[in-house]
Structure formats: C-alpha cells, structure tokens
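For reference, the structure is listed below as structure tokens.
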Amino acid sequence: MALQSLDIWRRSATTTPSPQQREPIEVAKLIDVTKCIGCKACQSACQEWNDVREEIGVNVGTYQNPHDLTANSWTLMRFAEIEENGNLEWLIRKDGCMHCADPGCLKACPSPGAIIQYKNGIVDFAEENCIGCGYCIKGCPFNIPRLSEKDNKVYKCTLCSDRVSVGLEPACIKACPTQALVFGSKDDMKDHAAERIAELKERGFENAGLYDPQGVGGTHVMYVLHHADKPELYNGLAKDPQINPMVSIWKGITKPLALMAMAGAILGGFFHYIGIGPNEVEEDEEEEKA
Amino acid sequence: MSAHSDKYIQRYNAVERLNHWMTAITFILLMLSGFALFHPALFWLTNLFGGGTWTRILHPYIGVVMFVSFSSLALRFWHHNILSKNDIQWLKQMQDVVQNHEHKLPEVDRYNAGQKLLFWTMVTTIPLLLLTGIVIWQPWFTPFFPRNLDRFAVLLHAFCAFVMGTGIIVHIYAAIWVKGTMRAMVRGTVTRGWVKKHHPGWYKRIEQGQDH
Ligand code: HEM
Ligand code: SF4
C-alpha cells in the first residue's frame with residue numbers, strides 16, 4: 001500500500017529519511033475486552049474486507065477458530081477459561097498486530113520498503129517487496145506475522161491502512177456490535193479508555209487498566225483489561241513486551257561496526273602493499289642451492 | 001614425489017585444486033548473497049542473483065554445496081595443519097611477519113601459523129554456518145524450531161559470516177602479498193626458491209624424500 005500516503009515514519013532497511021513532511025494525527029484502535037462478547041464479527045469483517053478466507057477447520061473443544069493466526073486470518077478471538085478470585089472467568093481477547101511504535105518486525109526486515117510505518121502509527125507490510133526470509137517473525141515480540149504457504153510472503157493486520165487513508169475506520173471497528181472496538185486518534189482513545197477504566201474500578205475491578213506497553217514505545221492497538229496487572233491471563237498477552245535482546249544485538253550497532261571492520265581489513269591490506277610491499281623471492285634466492 | 005622438477009615443486013594436485021576452487025567459488029557466492037541481506041548498504045548485491053527473493057532462495061542451497069566441498073578439502077589438509085611449538089613463536093613475531101623479515105622467523109613447514117589458524121577458524125565456523133543456516137532456512141526448516149533458537153541462530157550466523165568474511169579477506173590478501181603463491185592453486189606448482197624461503201621445513205623434508 002506504499003502509494004496511498006507519503007507520510008512515512010520509517011521504512012525497513014532504509015538508512016535515509018522517508019517522505020515525512022506532513023503531520024498526520026497518530027491513530028489507535030482500542031479493544032475493550034470487558035465489552036467483547038466473542039461474536040467474531042470483527043474476524044469475519046476482516047476477511048471480507050481484505051478478501052482472504054480461512055479454510056474450514058475442526059472443533060477441538062474451544063470457541064477459538066481457527067486455532068491460530070494464519071496468513072488468511074489476521075485477527076483472531078482467543079478464548080481463555082481461568083479462575084480468578086474464586087470465580088470462573090471467560091476472557092476473550094482479539095489478537096492481531098499491535099502496530100508498535102518501535103516495531104521489531106521492521107527492525108529485523110532486510111528488504112528495503114517491505115515494512116513501512118506510516119506517520120499515523122500504522123505498521124504495514126508491502127508484500128510486493130517481501131523476500132520471504134521470515135526475519136520479521138524473529139523480530140516481533142507478539143508472534144504476529146505469518147508466512148504464507150501459497151506465495152512465501154508474510155501477512156498480518158494492516159489496521160486497514162487502505163480504509164484509514166481515505167478517512168474510514170478499520171473494517172473490524174465497523175462490524176463490532178458492542179462497541180468493544182473503537183478507533184480514533186491515540187489521545188482520544190486514551191481518554192476514552194480512562195473513562196471505561198474508572199467505570200470498571202467502580203464495579204469492583206480494581207486492577208482494571210490500559211495496555212499500551214512502553215517496552216515497544218507504546219502501541220497503536222491498545223487493550224482495556226479488567227486484570228491489567230496480569231495480562232498473561234488473556235491467552236499469554238506479554239506482560240512487558242520488548243524486542244528480544246538477541247534481535248537488538250543482531251540488528252543494532254554491531255552490523256555497521258562489522259562492515260567497517262571488514263572494509264578496514266581490505267584497506268589495511270592495500271596500505272600494507274603500498275607501505276611495506278609484497279614478499280618476493282629474489283632471483284639469487286631462486287638460484288642458490290639448499 | 002616424482003612431480004617435483006629442477007625448477008618447480010608440486011604443492012597441490014589437480015583434484016586438490018579443483019576442490020579448492022569449487023569451495024572458493026561457492027564461498028564467494030555465499031558472501032555476496034549473504035552480505036546482501038546483512039545490511040541495507042549492501043542490498044544492491046541482490047541484483048547479482050536476480051533480486052531479493054532469488055537471493056533468499058539460492059543462498060542456503062549454495063551453502064550446502066559449499067559445506068560438502070569444504071568438508072572434503074578440510075579432510076585432505078587436516079594433518080598438515082596441526083599446530084607446533086614453532087607456530088606459537090611465529091605468532092609472537094607478527095611484527096616480523098608483516099614487515100617481510102622472514103629470515104628472523106622460526107622454521108615454517110608446509111603451512112605457517114597464520115594459515116593454520118585460518119584453517120581451524122574455517123573448520124569451526126563453517127559447520128556452525130551450516131547448522132545455524134538450517135535453523136533460519138525458510139520455509140523448509142524454521143517452523144520446526146523454537147522462536148528463541150531461531151533468533152540465536154540468525155545472530156550466530158551473522159557473527160560467523162563476519163569472522164569468515166574477515167578471515168577470507170586476509171587469506172586472499174596473503175596470496176597477493178606473497179608473490180608466487182597464486183600459482184600453487186592455479187598451476188599446482190611453486191618454485192624451489194619460494195619453498196626454501198617461505199617453507200624451509202617442508203623443503204628439508206622434500207629433499208630427504210619424506211614429503212607426501
Ligand atoms: C553453510 C551453509 C549455509 C547455509 C545453509 C546458510 C543459510 C542461510 C540462510 C537460510 C540465511 C537467511 C537468508 C536466506 O534465506 O538466504 C542466511 C543468511 C546469511 N548468510 Fe548464510 N548460509 C550458509 C553459509 C554462509 C556463509 C559461508 C556465509 C559467508 C561467509 C554466509 C553469510 C550469510 C549472511 C551474511 C547472512 C545474512 C545474515 C543477516 O541478515 O544478518 N552464509 N544464510
Ligand atoms: S506486533 Fe509484531 S508485526 Fe505488529 S508492529 Fe509490532 S512487531 Fe510488527
């Protein structure tokens with residue numbers, strides 16, 4: 001979707017600034033899990049708008065269907081039955097790309113322009129530039145991108161960048177019957193979340209809170225959780241997600257340093273040849289007997 | 001060995017030379033295709049392979065060919081590369097090495113300590129490159145490994161590639177620096193003077209008919 005907007009904050013494997021003159025507002029999707037009824041309207045709307053279809057699967061005793069995110073299912077309702085304070089709770093979380101402010105996928109990607117972060121916060125994959133190496137999968141702290149078996153390209157939620165760029169809300173938002181999903185500027189979404197959290201606290205959920213993890217610079221998909229102190233309860237939502245240190249070392253300062261060291265070795269060889277010179281066998285050394 | 005003449009001494013036979021160049025060509029292709037993905041500054045190298053996707057596809061297959069070829073080469077040269085006491089002293093006199101003060105150095109046999117060290121570096125890093133390369137090989141193998149092993153493998157692969165890349169730069173430069181070396185791998189022979197000067201220990205053994 002690289003042509004729809006020139007407001008690009010970051011572009012994978014690109015070392016100069018991308019076009020970013022304009023100042024669009026930062027957007028966010030807010031998922032209020034306390035309002036979600038698990039109807040999966042958003043899941044269907046996502047497939048319909050994006051023209052992808054999941055294969056018919058099998059029921060393994062849970063409402064979760066399909067069983068995991070796939071190259072066709074960019075969002076998935078994850079169902080967890082847990083016991084908390086002596087109560088059985090049925091926690092439903094809409095999983096999908098979090099649109100991190102500091103996206104590990106983009107950091108890991110070696111192909112220029114295969115991953116683009118718009119200035120409005122949306123992180124988008126441009127599949128036509130994807131080479132199928134799977135590095136974004138190593139980079140993502142939320143286990144989101146999926147490599148397609150059909151074309152060896154990765155797919156994930158686009159936050160409906162095509163719709164947002166023409167002033168529409170994402171398809172999932174439009175489909176949600178309970179307004180558990182809302183979309184707007186990130187600031188507005190935080191304000192809205194704060195109101196909801198206050199209500200939840202009044203109703204006795206004293207640990208209710210907003211999930212906008214700072215380890216990845218905050219996200220452009222946020223959750224309102226009743227148990228914000230224990231996000232792991234929601235099917236293993238990471239408590240303090242961060243780009244894995246191995247990825248940071250791999251993609252950090254070490255690479256330019258390694259390149260410089262190698263260039264230095266070549267240059268060193270050249271200067272040695274110029275300064276000290278080759279090691280030759282003289283003619284008299286050739287003739288003298290051993 | 002009867003292949004020695006008045007003027008020349010045979011250093012590598014035809015099979016050894018072919019094996020070396022098979023390894024070298026595949027190795028260079030791996031360097032070019034691998035470093036293309038290493039840093040954006042080198043992504044243009046993917047053009048040599050028909051684009052980013054082809055580079056990603058081809059690199060691991062070339063890697064397997066290189067590994068097989070290198071293994072055969074390593075087995076051939078293994079016994080020549082055992083480190084000796086002289087080698088330690090040679091390394092301590094690196095200053096004399098780079099300044100071409102060869103007469104001050106301890107007697108070198110078929111390979112000097114620098115060559116031997118490069119050999120052992122390759123013997124450790126190339127199998128590591130193969131193993132880590134398999135873990136990060138999409139789409140065939142990566143899905144079978146835990147995510148953190150995958151992350152570790154790509155880091156180690158990049159590190160080993162850096163070590164090998166730097167090592168190979170030194171290796172190639174040494175062949176340019178020490179005149180008369182290139183023909184050892186191209187023609188198979190070197191001059192008697194070259195052997196006496198750079199590998200006097202080996203020369204003695206040849207004269208005594210002990211060389212193999
Ligand atoms: C021995 C067998 C080898 C195998 C099976 C292998 C496999 C791979 C694979 C699967 C990748 C990921 C990208 C891709 O799919 O093309 C990769 C990346 C890479 N390979 Fe290899 N490789 C091997 C040997 C080598 C060698 C000898 C070098 C260079 C000395 C090398 C340098 C690199 C580099 C620099 C990268 C990019 C790493 C990064 O992005 O940080 N590889 N290799
Ligand atoms: S959740 Fe994963 S795929 Fe989405 S922006 Fe963050 S790192 Fe990228």
Side-chain angles (χ1 to χ4, degrees), chain A residues 11-16 108-112 114 129-135 137-140 143 147-149 152-154 244-247 249-251 254-259 261-266 268-270 272-273 275-290, chain B residues 7 35-43 46 51-57 98-100 102 136-139 142-143 147-148 150-159 161-162 165-167 169-170 172-174 176-181 190-198 200 203-204 206-207:
Chain A
R11 196 174 173 272
S12 56
T14 304
T15 44
T16 52
C109 177
S111 183
N129 295 330
C130 171
I131 64 169
C133 64
Y135 285 7
I137 301 171
K138 309 182 209 308
C140 176
N143 184 21
L147 195 66
S148 159
E149 286 175 14
N152 281 315
K153 311 282 177 203
V154 278
N244 188 285
M246 287 187 280
V247 174
I249 297 171
W250 168 48
K251 284 286 171 173
T254 43
K255 282 201 167 176
L257 286 181
L259 282 189
M262 289 170 71
I266 296 174
F270 180 70
H272 177 266
Y273 201 88
I276 295 176
N279 184 344
E280 282 166 313
V281 181
E282 307 298 337
E283 245 166 68
D284 54 327
E285 287 177 295
E286 203 58 86
E287 271 146 30
E288 98 195 11
K289 287 282 159 226
Chain B
K7 197 156 178 226
F35 279 100
L37 305 183
F38 186 83
H39 189 273
L42 298 177
F43 193 77
T46 56
T53 305
W54 271 116
T55 305
R56 183 271 298 168
I57 293 170
V98 296
Q99 293 185 338
N100 297 337
E102 229 171 332
I136 60 176
W137 193 338
Q138 289 279 20
T142 315
R147 184 69 37 85
N148 276 335
D150 182 21
R151 288 169 174 149
F152 177 67
V154 76
L155 176 62
L156 188 58
H157 194 87
F159 177 74
F162 163 67
T166 317
I169 291 169
V170 175
I172 295 173
Y173 178 66
I176 299 171
W177 164 32
V178 183
K179 294 292 165 199
T181 305
V190 283
T191 64
R192 281 185 180 265
W194 184 93
V195 181
K196 273 184 272 180
K197 182 162 187 186
H198 306 306
Y203 195 75
K204 273 188 204 157
I206 293 171
E207 291 292 271

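By convention in this document, chain letters (A, B, ...) are assigned in the order of the sequence lines, proteins followed by strands, and residues within each chain are numbered from 1. Hydrogens, waters and symmetry mates are skipped; everything else that's a heavy atom, side chains included, is used.
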Min side-chain heavy-atom separation N148(B)-M246(A) under 4.5 Å: yes

When every non-hydrogen atom of P40(B) is compared with those of A13(A), the smallest separation belongs to CB-O, 3.3 Å

At a 4.5 Å cut-off on heavy atoms, which part of C140(A) comes close to chain B: side chain, backbone, both, or neither? backbone

Once rounded to the nearest 0.5 Å, what's the spacing between atom SG of C109(A) and atom CG of L37(B)? 10.0 Å

Looking only at non-hydrogen atoms, find the nearest pair between Y273(A) and W177(B) and report the distance. CE1-CA, 4.3 Å

Between K255(A) (side chain only) and F38(B) (backbone N and O only), is there a donor and an acceptor less than 3.5 Å apart? yes

Taking atom NZ of K7(B) and atom CD of E286(A), what is their separation to the nearest 0.5 Å? 7.5 Å

Output the option from A261(A), G264(A), C133(A), A114(A) having the highest count of non-hydrogen pairs under 4.5 Å with chain B. C133(A)

Within the structure provided, determine whether I57(B) and N152(A) are in side-chain contact (heavy-atom separation under 4.5 Å). no

Compare all side-chain heavy atoms of N244(A) with those of R147(B) and state whether any distance is below 4.5 angstrom. no

Under a 4.5 Å heavy-atom cut-off, does chain A meet the side chain of F159(B), its backbone, both or neither? neither

Measuring from L257(A):CG to F162(B):CZ, what's the distance to the nearest 0.5 Å? 9.0 Å

Per-residue tally against chain B (heavy atom, under 4.5 Å) across G132(A), A265(A), C130(A), G134(A) peaks at G132(A)

Main chain of G268(A), side chain of Y173(B): is a donor-acceptor contact present, judged purely on distance under 3.5 Å? no

Determine the option with the most heavy-atom pairs under 4.5 angstrom with chain A, choosing from T166(B), V154(B), T181(B), I169(B). V154(B)

Atom OG1 of T142(B) and atom OH of Y135(A): how far apart are they, to the nearest 0.5 Å? 9.5 Å

The reported gap from CD1 in I136(B) to CD1 in I137(A) (rounded to nearest 0.5 angstrom) is 12.5 Å

Which residue out of T14(A), I276(A), T254(A) racks up the most heavy-atom pairs below 4.5 Å with chain B? I276(A)

If you count heavy-atom pairs under 4.5 Å with chain B, which of E280(A), E282(A), M262(A), H272(A) comes out on top? H272(A)

Top contributor to chain A interface from A158(B), G180(B), G52(B) [non-hydrogen pairs under 4.5 Å]: G52(B)

Measuring heavy-atom distances to chain B, does L147(A) have an atom under 4.5 Å in its side chain, in its backbone, in both, or in neither? side chain

Count the heavy-atom pairs under 4.5 Å between each of K197(B), Q99(B), H39(B) and chain A, then report the option with the highest count. K197(B)

Sub-4.5 Å side-chain heavy-atom contact between T46(B) and I131(A): no

Given heavy-atom pairs under 4.5 angstrom as the criterion, report whether the side chain, backbone, both or neither of L42(B) touches chain A. side chain

Which portion of T15(A) sits near chain B, non-hydrogen atoms under 4.5 angstrom: side chain

Could you tell me whether a side-chain N or O of R151(B) sits under 3.5 Å from a main-chain N or O of K138(A), the two making a donor and an acceptor? yes

Side-chain heavy atoms of T53(B) within contact of K153(A), under 4.5 Å: yes

Name the region of V195(B), side chain, backbone, both or neither, that has any atom closer than 4.5 Å to a heavy atom of chain A. neither

Counting C-beta onward and ignoring hydrogens, is there a side-chain heavy-atom pair between K196(B) and V281(A) closer than 4.5 Å? no

Report which part of F152(B) has an atom under 4.5 Å of a heavy atom belonging to chain A: side chain, backbone, both, or neither. both

